[in-house]
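Chain letters run A, B, ... following the sequence lines, proteins first, then strands; residues in each count from 1. No experiment lies behind these values; they were computed from the predicted model shown.
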Amino acid sequence: MSTRPDQSATAEGVSIAGAPPPLAAKEVSVVYRTRGDFGRRTARHALNRTSIEVNYGELVALVGESGSGKSTLSKVLLDLASPSAGEVAYHGKALNTLTRTEMRAYRNEVQVVFQDPAASLNPRQRIWKCLASVLELRGVRSQLELNEEITKLLTGVGLNPAESFARRFPHELSGGQQQRVAIARALAMKPRIVIADEPLSALDVSVQAQVLDLMIDHQKRTNAGYLLVTHDLNVVRAVADRVVVMYLGSVVEMGDAEQIFERPQHPYTRALLSSRLSIDASKRRIRDRPILTGDVPSTTAIPSGCAYHPRCPIAVERCSIDAPEPRVTGDGSSVACHLAE
Amino acid sequence: MLWFVARRVAQAVPMLLSVILLIFVLMQFTPGDPVQAMVGQYPVPQSFRDSLTAEYHLNAPVWTQYWYFLVNLAHGNMGYSYASHESVTSLIAERLPNTLLLAGSGYIVGIVLGGVVGLITATTKRRGFDTLMQTGVVTAYAIPSFWLGQLLVMLFAVHLGWFPTQGMAPVDSNATGIYWFLERLSYLILPMLTYAVYEGARVTRLTRVSVIDTLNQGYIVTARMKGLSRWQTVRSHVIRNSSLPVVTALGYSFAVAMGGSVLIETVFSWPGIGLLLVDSIKQRDNQVVIGLVVVIAVAVIVMNLLVDMAHALLDPRIRA
Amino acid sequence: MSLSGDSVDTAELAPDLDAPRPNTSPGWSRGNATHEWWARMRASRSGMIGLVVLILLIAIAMLAPLISPYAPNELAGESLQAPSRSHLMGTDNVGRDVLSVVIYGARIALLMGLLSAGLALLVGGLVGGVAGYAGGAIETILMRVTELFQIIPLMVLALFVVALWGSHLWLLVVAVTIAIWPLEARIVYGQVKALKDREFVQVARVAGAPHAQILAREILPNALPPVIVQVSLDAGLAILTQTSLGFLGLGDPNAASWGQLLYAAQSYLSTAWWMSVFPGLAVALAIIAFSLLGDGLNEIYNPHQRRGTLGRSR
Amino acid sequence: MRSASIAECGHEESNAVKETQLLDIHDLVVHFLREEQVVKAVDGVDLRVKPGESVGLVGESGSGKTVLSRSIARLMANAVIDKMSGQVVFQNTDLLSLSERELERRRRKSFLSMVFQDPLGYLNPTKRVGRQVAEALPPELSRRSRRHRVAELFTQVGLPGDKASLRLYPHEFSGGMRQRVLIAMALASRPRLLIADEPTTALDVTVQVQVLNTLERLHREQDMALLVITHDLALVAELCDRVYVMYAGQIVESGDVETVLSSPHHPYTQGLIASMPGQRRRMNKVDGLVGSVPNLALLPSGCRFRSRCPHAFDRCEEMPPLMPTSTGSTSRCWLSEPEAEGEDPS
């Protein structure tokens with residue numbers, strides 16, 4: 001248990017020796033206790049002792065199905081939700097111990113792009129105002145500078161002519177354009193870490209690629225760290241350096257993208273990969289696909305032991321009793337399964 | 001379901017205590033001394049003052065006072081009317097059935113009428129009819145109930161002479177059997193109608209919105225795909241589902257109706273608790289006023305309880 | 001499927017989320033906001049009728065001394081005279097000119113209605129806003145208290161306050177305010193709470209915007225429209241409550257108000273219909289005006305659930 | 001002029017072949033009104049489904065594919081329709097000419113059924129699932145055989161058919177199971193054609209495979225034709241024999257799935273395939289699409305893809321008809337014309 005942080009550090013193999021990762025969640029749990037109608041209490045275990053880190057220059061993909069806690073994890077990393085246990089560390093320092101200046105640095109450095117671009121823009125602000133209020137937080141004050149910066153930002157995300165877009169309200173833009181504005185706003189803070197929570201899933205197929213390109217371009221150019229939260233494995237395959245697979249609030253496997261896709265260790269990862277539809281498939285592949293039975297259980301009733309055991313094709317008795325701890329395997333990835341090699 | 005009821009009832013208790021606390025707090029803010037707040041502006045003899053002070057522990061700290069206020073209520077003791085020297089409890093008990101008769105009948109007629117009209121306006125395709133009904137609803141909604149009562153009295157009672165103007169029964173009546181019933185009915189009709197117009201307008205509006213909303217749901221498309229006819233779809237998928245929000249709103253509207261009964265009972269001199277409330281206020285008979293406010297609050301809480309249960313019966317998602 | 005009359009959700013059938021929207025489509029206010037607002041207001045039948053009637057009422061109230069034939073409490077002639085050329089709406093039981101009382105009554109009704117609605121917005125907005133934004137225990141406590149006030153029927157609550165504290169003009173305003181503030185509190189609370197969790201507010205937090213800025217720039221501008229609609233409806237309710245108190249004989253006996261006239265009329269229903277009909281009409285008109293205005297504003301701010309009370313717009 | 005060109009191009013099939021069609025949509029036009037604008041959701045669509053065939057209809061949001069599918073089953077609201085013309089011939093009957101009563105009668109037997117996206121919204125939350133499925137059965141059935149048949153349908157779609165499950169409410173099911181209930185309901189009338197509108201979009205990927213697998217099995221075992229409407233080319237690749245690609249209210253390309261996916265002719269199809277992340281080498285921008293789908297109420301003249309097309313030229317100001325290509329598919333692009341084939345940059 002106590003050795004885990006070191007283990008995961010070696011597991012990722014990306015962090016520079018000694019220096020703590022710029023953004024990391026350590027053993028974070030989030031439990032939402034809701035009082036349902038008429039006093040019935042339910043506890044929703046959104047995250048269960050989850051650790052993850054994001055380093056500069058890498059693109060980490062966080063994959064999982066509904067209820068896997070991937071959105072909660074990104075909220076925790078953004079300090080929009082507070083963990084019930086564990087902590088989020090910014091350059092090795094827990095968020096709630098940051099000084100004012102450090103907090104400001106964190107707020108500057110870590111930015112977000114949400115799923116629904118229409119909801120993430122204030123409907124009553126013109127694009128200019130929307131970007132300006134962010135730039136002002138960075139200390140850009142004069143009208144001239146603001147105009148200049150906003151033009152640069154909008155052109156940077158492919159919204160030309162910038163002046164015309166700056167004058168508009170969000171609803172006058174298409175979904176793809178709105179998402180570009182949302183990205184521009186995140187970039188206005190010159191972030192070194194960007195957390196993108198399902199940034200593509202609200203967009204049309206033909207627009208997804210454009211938006212993805214834009215983010216990848218920024219990531220490569222500025223050497224920023226990206227945490228891409230998604231359920232689309234095809235996207236992950238195309239762009240990720242490292243992959244973290246979550247199931248019901250726990251990380252079941254993480255490792256180098258190449259390794260995860262070529263040699264998945266956890267049975268859930270394997271099931272996830274085999275359910276990826278592909279247009280290369282020779283016809284009727286659907287008929288031959290191995291089927292994972294059952295649905296994702298609710299986070300209010302997480303199975304005992306390994307949360308995956310009721311659906312797992314290779315589960316043994318032990319799996320229903322104790323929960324497997326993440327273990328580093330031969331090729332440097334980390335997997336939480338009793339039966340993994 | 002049983003659990004649901006038990007939990008819901010258990011929750012009503014603190015609610016009740018808090019409402020009584022609210023009433024108590026409002027009384028605390030009354031200018032003048034507390035005895036005066038309780039009895040109103042009667043010149044009361046010192047002996048009565050002392051007995052009240054002792055009964056409600058008015059010299060004790062506020063929390064103790066609240067406790068004895070509650071204890072007295074729990075024993076059904078709401079004090080004595082200084083005007084009539086009767087116990088407040090018996091005064092209210094005497095008047096309550098009359099209010100229930102009037103409000104209940106008006107409520108039922110209004111709900112039935114409003115439900116039917118709302119369903120028709122929502123499903124009909126004739127725009128003109130819909131607009132007409134809608135305009136009617138807005139108008140009915142905006143007309144003060146007491147004024148509508150006055151208009152009805154002037155038209156049907158004074159001008160046409162069809163119904164009596166005021167009261168609940170003639171002073172000296174020897175009608176029996178069916179005649180007795182008809183006589184009572186003739187007194188009931190106008191105030192009941194006033195109630196029903198108001199309640200009906202509200203229910204029409206609610207039902208219309210709710211039915212239109214239900215018709216836009218996916219399962220209506222599913223029903224049509226299954227080959228159900230229009231009427232079958234309405235019967236089996238629309239009515240129950242669209243009654244959910246209406247039932248919820250009825251809980252709130254009951255409170256409004258209780259408020260409205262004060263006005264309607266005044267117009268028609270109907271001897272219910274609403275009229276009692278107004279008379280007591282005018283006579284500064286505050287013991288009665290306090291008792292009435294408590295009783296009305298209890299009635300509203302009970303009604304909300306019933307509505308929640310009806311809701312749970314209609315909607316399986318709420319149970320469990 | 002032809003069951004539904006007019007409101008089929010075509011957005012579901014062909015969402016054009018990704019198509020640039022033309023400038024004429026309805027939505028939140030935009031370029032030339034005032035201009036746009038006015039254009040849409042003019043397109044709303046309910047809204048325009050409400051606005052015109054309301055402006056008329058306000059004009060009457062303001063110009064009362066100029067247009068009213070008599071002073072409100074002046075004994076203008078014999079009592080209980082039917083409408084005639086010299087007394088267009090007749091005279092009341094003490095010989096006042098009904099028309100004059102109705103005209104001056106507009107002053108009291110509008111003043112007291114708007115005053116109580118405004119005060120209720122102030123109290124309710126503060127309670128609801130704090131509860132919605134703060135969350136946690138503060139939220140629970142404040143909203144429970146708001147609920148309590150709603151258990152006692154509005155009218156009964158107002159009566160209770162009058163019974164305890166008396167019925168001077170300003171106490172009536174307080175009574176009505178106490179009765180209707182929970183309505184405002186709930187709507188403000190609902191708005192603020194929903195907006196607080198919206199993505200664009202969270203983005204502002206992530207960028208490090210201070211609370212004051214988030215409230216002022218992100219939450220308030222978006223919470224305001226539905227609140228304005230509610231205030232318009234509640235102003236009508238305030239007038240109704242205040243007139244009702246007057247009708248019960250609990251209004252200020254010295255102020256010439258609609259409610260007071262209706263109270264007096266109660267004793268003369270068989271002889272003097274004009275004492276009831278004209279002030280009642282005035283009350284109904286004022287309430288309809290506020291309610292139509294509210295509908296119109298609702299159409300402007302929520303164009304997608306356009307369901308005007310007077311049929312469709314345009 | 002446009003309809004004439006559609007008639008002479010398109011599928012050049014003899015009458016004999018035509019008669020074997022299960023569903024034959026000819027020049028279907030559905031325009032509806034929204035906020036005083038005419039939305040040309042379906043604008044001259046030809047589409048055919050043979051008995052037992054599996055056909056995909058691919059399009060992005062705003063392409064009109066949902067309106068098309070609803071129009072086939074006549075599940076569009078009449079109130080907002082601005083214009084509806086053309087033919088939807090199903091089993092030799094033009095559905096558009098049927099009266100509502102006749103339509104209701106036919107929906108109950110061996111007709112066509114639909115499965116919708118978002119299963120929760122399409123199930124009545126206050127009714128037990130068993131009863132909802134039973135409603136779709138012919139009314140003349142006895143109570144016993146009704147119950148029996150519902151249990152049978154449940155097992156067919158992979159749900160437990162025991163009494164307790166039939167008495168559950170929709171909210172007591174998971175998303176995947178709800179979708180199965182909808183499928184069971186659609187199967188109740190033993191349809192010859194099942195139209196599935198985004199059947200798995202709301203589901204998790206592991207569950208998506210389960211549901212698609214069930215659909216495919218039912219299609220195969222019951223010889224039921226499938227018309228799958230989706231935005232996901234991969235889903236079509238795995239499930240369908242033929243595919244129609246829809247853009248801005250029109251079919252822009254159609255043909256065998258393998259042919260269309262391996263050698264797409266229309267620049268839109270090419271762009272769509274290139275946009276699929278799995279198709280691209282890392283960081284290597286192949287001809288992805290630029291811009292976004294046009295507003296169906298404000299369509300440009302000529303080829304509707306013109307503004308986004310990398311190959312647009314003068315002639316594109318004129319609307320191209322659907323024309324046969326060298327690979328046997330059809331494409332609505334001047335560059336796909338046989339004589340222009342040489343210049344086709346694909």
Side-chain angles (χ1 to χ4, degrees), chain B residues 15 18-19 22-23 26-27 29-31 37 122-125 127 130-131 134-135 137-139 141-144 146-147 150-151 153-154 158 165 209 212 215-216 220-221 224 230 233-234 252 255-256 258-260 262-263 266-267 277-278 280-282 284 286 289 292-293 296-297 300-301 304, chain C residues 1-9 12 46 144-145 147-166 178 236 240 243-244 247-250 262 265-266 269-271 273 276-277 279-281 283-288 290-292 295 307-312:
Chain B
M15 187 93 96
S18 319
V19 173
L22 173 66
I23 292 168
L26 284 176
M27 282 167 58
F29 281 106
T30 307
T123 50
T124 193
K125 275 196 254 172
R127 192 57 59 78
D130 188 35
T131 308
Q134 287 286 96
T135 314
V137 164
V138 179
T139 317
Y141 217 60
I143 292 178
F146 56 90
W147 185 53
Q150 289 189 339
L151 291 181
V153 167
M154 284 190 287
V158 175
T165 51
V209 171
I212 287 177
L215 287 174
N216 280 323
I220 299 299
V221 179
R224 301 294 282 158
R230 264 157 151 283
T233 309
V234 168
Y252 171 67
V256 181
M258 289 306 287
V262 175
L263 298 162
T266 304
V267 175
L277 179 62
V278 176
S280 307
I281 292 175
K282 283 185 187 163
R284 304 279 168 199
N286 279 8
V289 174
L292 279 169
V293 173
I296 290 172
V300 171
I301 289 175
N304 286 344
Chain C
M1 224 276 303
S2 51
L3 271 170
S4 47
D6 50 0
S7 52
V8 171
D9 190 7
E12 185 212 343
S46 313
R144 280 290 143 88
V145 170
E147 265 172 49
L148 281 190
F149 275 85
Q150 287 200 301
I151 286 178
I152 305 176
L154 189 150
M155 190 63 212
V156 177
L157 191 57
L159 281 174
F160 188 53
V161 172
V162 170
L164 291 177
W165 299 348
I178 286 180
L240 178 65
T243 312
S244 302
F247 161 75
L248 293 172
L250 299 170
L262 285 162
Q266 179 69 20
L269 288 183
S270 51
T271 47
W273 57 268
S276 165
V277 168
L281 218 53
V283 181
L285 207 63
I287 295 169
I288 290 186
F290 277 113
S291 129
L292 288 182
D295 278 344
R307 235 171 248 156
T309 356
L310 290 185
R312 303 211 105 194

- Item | Point-to-point distance, once rounded to the nearest 0.5 Å, from CE of B:M258 to CE of C:M155 | 13.0 Å
- Task: Tell me, out of C:P279, C:S244, C:G249, who's got the most heavy-atom pairs with chain B below 4.5 Å.
- Result: C:S244
- How far does CZ of C:F160 sit from CG of B:L292, to the nearest 0.5 angstrom? 10.5 Å
- Given C:T243 and B:W147, is the side chain to side chain contact (heavy atoms under 4.5 Å, CB included) satisfied, shown in steps? CA-CA 10 Å; C:T243 312; B:W147 185 53; over 6 Å; no
- Task: Select one option (side chain, backbone, both, neither) describing which atoms of B:V278 are under 4.5 Å from chain C's heavy atoms.
- Result: side chain
- Task: Go through the atoms of C:L281 and report whether side chain, backbone, both or neither lie under 4.5 Å from a heavy atom of chain B.
- Result: both
- Item | Closest heavy-atom pair and its distance - C:I287, B:A142 | CD1-O, 3.5 Å
- Task: Run the numbers on C:L159 and B:L277 for side chain to side chain contact (heavy atoms under 4.5 Å, CB included), then give the verdict.
- Result: CA-CA 9 Å; C:L159 281 174; B:L277 179 62; 3.7 Å; yes
- Item | Stepwise side chain to side chain contact (heavy atoms under 4.5 Å, CB included) check, B:I23 with C:I152 | CA-CA 9 Å; B:I23 292 168; C:I152 305 176; 3.9 Å; yes
- Task: Output the distance between atom CG (C:L262) and atom CD (B:Q150), rounded to the nearest 0.5 Å.
- Result: 5.5 Å
- Task: Between chain B and each of C:G236, C:A286, C:A158, C:A163, count heavy-atom pairs under 4.5 Å; write down the option with the most.
- Result: C:A163
- Which portion of C:L250 sits near chain B, non-hydrogen atoms under 4.5 angstrom: side chain
- Task: Looking only at non-hydrogen atoms, find the nearest pair between B:G259 and C:P153 and report the distance.
- Result: N-CB, 4.0 Å
- Query: Do you know which of B:L151, B:I301, B:I281, B:V293 has the most heavy-atom pairs under 4.5 Å to chain C?
  - Reply: B:I281
- From C:L157 atom CG to B:L26 atom CG, the distance as rounded to the nearest 0.5 Å: 6.5 Å
- Query: Say you draw a straight line from CG of B:L263 to CG of C:L248; how long is it, rounded to the nearest 0.5 Å?
  - Reply: 5.0 Å
- Item | B:V137 portion near chain C, given a 4.5 angstrom heavy-atom threshold | neither
- Do you know which of B:T139, B:I143, B:V19 has the most heavy-atom pairs with chain C at a distance under 4.5 angstrom? B:V19
- Taking atom CG of B:N304 and atom CD of C:Q150, what is their separation to the nearest 0.5 Å? 10.0 Å
- Message: Using heavy-atom distances under 4.5 Å, tell me whether C:F149 contacts chain B through its side chain, its backbone, both, or neither.
- Response: both
- Message: For B:V153, which atoms come within 4.5 Å of any heavy atom of chain C: side chain, backbone, both, or neither?
- Response: side chain
